[in-house]
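The next block holds one structure in the form of structure tokens; read it before the comments.
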Amino acid sequence: MIFRGKVHKFGSDVNTDVIIPARYLNVSEPGELAKHCMADVDSQFTTKMVPGDIIMAETNFGCGSSREHAPLAIKACGVSCVIARSFARIFFRNAIDIGMPLLECAAAVENSEAGDILEVDLSSGEINNISRGKSFLANPYPEFMLGIIHAGGLIKYTKRYAKHNYH
Amino acid sequence: MNLSEKILAVHTGKTEVHPGEFINASVDLVLSNDITAPLAIKEFHRLGAKKVFDSAKVVMVPDHFVPNKDIPSAEQAKMMREFAIEQGLVYFEVGRSGIEHVLLPEQGLVRPGLVIVGADSHTCTYGALGAFATGMGSTDIAVAMATGEIWMKVPPTIKFVYHGQLSQWVSGKDLILYTIGDIGVDGALYSVMEFTGESMEELPIDGRFTMANMAIEAGAKAGIFHVDAETYNYLRYVAGIKVMPDDFRSMELAQASDDADYADVVEYDVTRIEPQVAFPSLPSNIKPVSQSGGISLDQVVIGACTNGRISDLRVAAELLRGRRVNQRLRCIVIPGSQRVYLEALKEGLIEVFIQAGAVVSTPTCGPCLGGHMGVLAAGERCLSTTNRNFVGRMGSPQSEVYLSSPAVAAASAVAGRIVHPSEIGS
Ligand code: SF4
């Protein structure tokens, strides 16, 4: 899968409270959540971004609560992937579970600026900064997680592989 | 093996597990709340599941926006209630409930050696009783509800050793704030924080809950304590567990082996630690209270899954007894559960709070996540005993949240600005 989009840059410790503030958590429809994506870190984000765009951040992206509403809001508003130096644990898991692509790549973050156009090949982990003519390789996923990604998320993975009859 | 590895090995049917290994662990308790359950239920149906794996091991607690604050949150709570009743789950209705992480331990649902997963990041609180407990998202919880299993990467463990005796007014909250200030909000990313040392042996269970609760604020997967006499006393006299059954697999499982492996060992001398305050907008932005510059306040909140237990309210009442909340601020006290509320009532603490001019709320998460019962306006400052002070956490993105212990919060409510408790009490 190859994405192409413009970079929106953020700092370290972007937490789930600013990605989707709790005042919007009285609903859980992805389309509703998407309207408030990144509300408390950049209130203009949803008007500035176009579907396919890429969120780029420093360390510990998605720290804080376990609300799956955070990766859901990012996915539903059309962000194609998030590239960061590192991700918080629960956010990382949630994103993989719902099929929201994340890439860990310090070099890409170091060598890209807001507004740059990137091309990302999810299967190889290659990130091309078209604006600067540079390319980088993201940290590979562990085998086990690739299984979930290739299945199309945890629900499909479980349906396919669960040993148990959970009906 | 260390404590977490032992517990995870037992739940994987292996004699040993090692950090980095991917495992499928069986779970003993699966939790969700009025915000995360609706999504989990949707995914549960998408999975094609009909019944939860064991209705006695699946718990749902309405606590975040309850009593329902508006129509959409009422719809969410209703969806959860109907599912819980239909499936015969362990469900606590408003009025017999409380904040999940205060409620579950006192209901005897948390025991040493269990694996507990919850669609709430502060599920790690239960490590205080020697359980391996970790927060996840709704989809993971849906799978756990259906299969009774969860995939996990065995985390490395960092051992935190606390030496010495705590000074007056210094609590578990101050130790965990100090620790997060030292290692940072991703200082224990993907790891387990194992809390040990002679200061921990002295620490009451409520203080252990507070410390384990905030392990997630350092990015940790879990926080965990060894099981000792204090734990057993809690289980017996608070949680009302009459017989300590063998299924605790207890003492042996509840202690790390002598040759346990740790990714790192961090040691602190607690005798030099004074009450701490986290400044906006990260829990790691710590200053000792003596250097906090007397920040003036508009609101004080005492409660939450971090500090809404009876001993927290006792400390707050000790400082508020016979005094008045500063006329320029609101002080909101929230007992963590109906049981805590009732105990506080019997002990006369509620009267102390009301006489002092504080608001006493029914148990709810409420203001902790900017839900209701104390949302902040732009420019307002709040000192809170909760666990997060991110931008907009308690209301307007232009408001500020400071974190502290109940002692600092109560003393500051009287002073109208952040002060050391000794300025008010003796
Ligand atoms: S009290 Fe606050 S931190 Fe604890 S569960 Fe409720 S919202 Fe989360």
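In this text the structure is predicted, and so the values were computed from the model without any measurement.
- If you take CG on Asp97(A) and CG on Asp140(B), they are separated by 4.0 Å, rounding to the nearest 0.5 Å.
- Considering every non-hydrogen atom in both Gln76(B) and Val27(A), the closest pair reads NE2-CA, 3.8 Å.
- With values rounded to the nearest 0.5 angstrom, Glu149(B) atom CD is found 10.5 Å from Thr158(A) atom OG1.
- Interface residue Leu282(B): only side-chain heavy atoms are found under 4.5 Å from chain A.
- For Lys159(A) (side chain) and Arg46(B) (main-chain N/O), a donor-acceptor pair under 3.5 Å exists by modelled atom type.
- Remark: Glu143(A) CD is loosely packed, at most 12 non-hydrogen atoms of other residues, nucleotides or ligands lying under 6.0 Å away.
- For Lys78(B), the NZ atom is loosely surrounded, since the number of other residues' heavy atoms within 6.0 Å does not exceed 12.
- The backbone N or O of Gly135(B) sits less than 3.5 Å from a side-chain atom of Arg89(A), completing a donor-acceptor pair.
- Put simply, of Leu189(B), Thr36(B), Val375(B), the one with the most heavy-atom pairs under 4.5 Å next to chain A is Leu189(B).
- Tyr190(B) touches chain A through backbone and side chain together, each having a heavy atom under 4.5 Å away.
- With respect to chain A, the highest number of heavy-atom pairs below 4.5 Å among Pro397(B), Ala40(B), Gly118(B) belongs to Pro397(B).
- Within the 4.5 Å cutoff, the side chain of Val41(A) has no heavy atoms near those of the Val391(B) side chain.
- Residues Lys221(B) and Ile90(A) are not in side-chain contact: their nearest non-hydrogen atoms beyond the backbone lie 4.5 Å or more apart.
- Of the inter-residue distances, the one linking Leu369(B) atom CG with Arg67(A) atom CZ reads 6.5 Å to the nearest 0.5 angstrom.
- In this pair, Phe22(B) and Phe144(A) present their aromatic rings parallel. The plane angle is below 30°, not in the 30 to 60° band.
- The 12-atom threshold is not exceeded at NZ of Lys156(A), counting heavy atoms of other residues, nucleotides or ligands nearer than 6.0 Å.
- Under the 4.5 Å side-chain criterion, counting only non-hydrogen atoms from C-beta, Trp151(B) is in contact with Leu154(A).
- Per-residue heavy-atom pair counts under 4.5 Å with chain B were compared for Pro21(A), Gly64(A), Ser43(A), Ser86(A), and the maximum is reached by Gly64(A).
- Within the 4.5 Å cutoff, the side chain of His69(A) has heavy atoms near those of the Ile35(B) side chain.
- Residues Asp17(A) and Arg388(B) meet the side-chain proximity criterion, which asks for heavy atoms closer than 4.5 Å.
- Here the straight-line distance linking atom OG of Ser138(B) with atom CG of Leu72(A) works out to 8.5 Å at 0.5 Å rounding.
- At a 4.5 Å heavy-atom cutoff, the contact between Ile216(B) and chain A is made by side-chain atoms alone.
- Across Ser66(A) and Ala119(B), no two heavy atoms sit closer than the pair OG-C, 3.4 Å.
- No hydrogens or angles considered: a donor-acceptor pair under 3.5 Å links the side chains of Thr139(B) and Glu68(A).
- Note: Glu43(B) leads His64(B), Glu43(B), Lys153(B) in heavy-atom pairs under 4.5 Å with chain A.
- Contact record, Pro38(B) with Ser28(A): CB-OG, 4.1 Å, taken as the closest heavy-atom pair.
- Note: Asn26(A) CG to His372(B) NE2 = 11.5 Å, rounded to the nearest 0.5 Å.
- At a 4.5 Å heavy-atom cutoff, Asn387(B) makes no contact with chain A through either its backbone or its side chain.
- Between chain B and the residues Asn94(A), Ile98(A), Asn60(A), the most heavy-atom pairs under 4.5 angstrom are made by Asn60(A).
- Among Ala39(A), Ala70(A), Cys63(A), Ala22(A), the residue making the largest number of heavy-atom pairs under 4.5 Å with chain B is Ala22(A).
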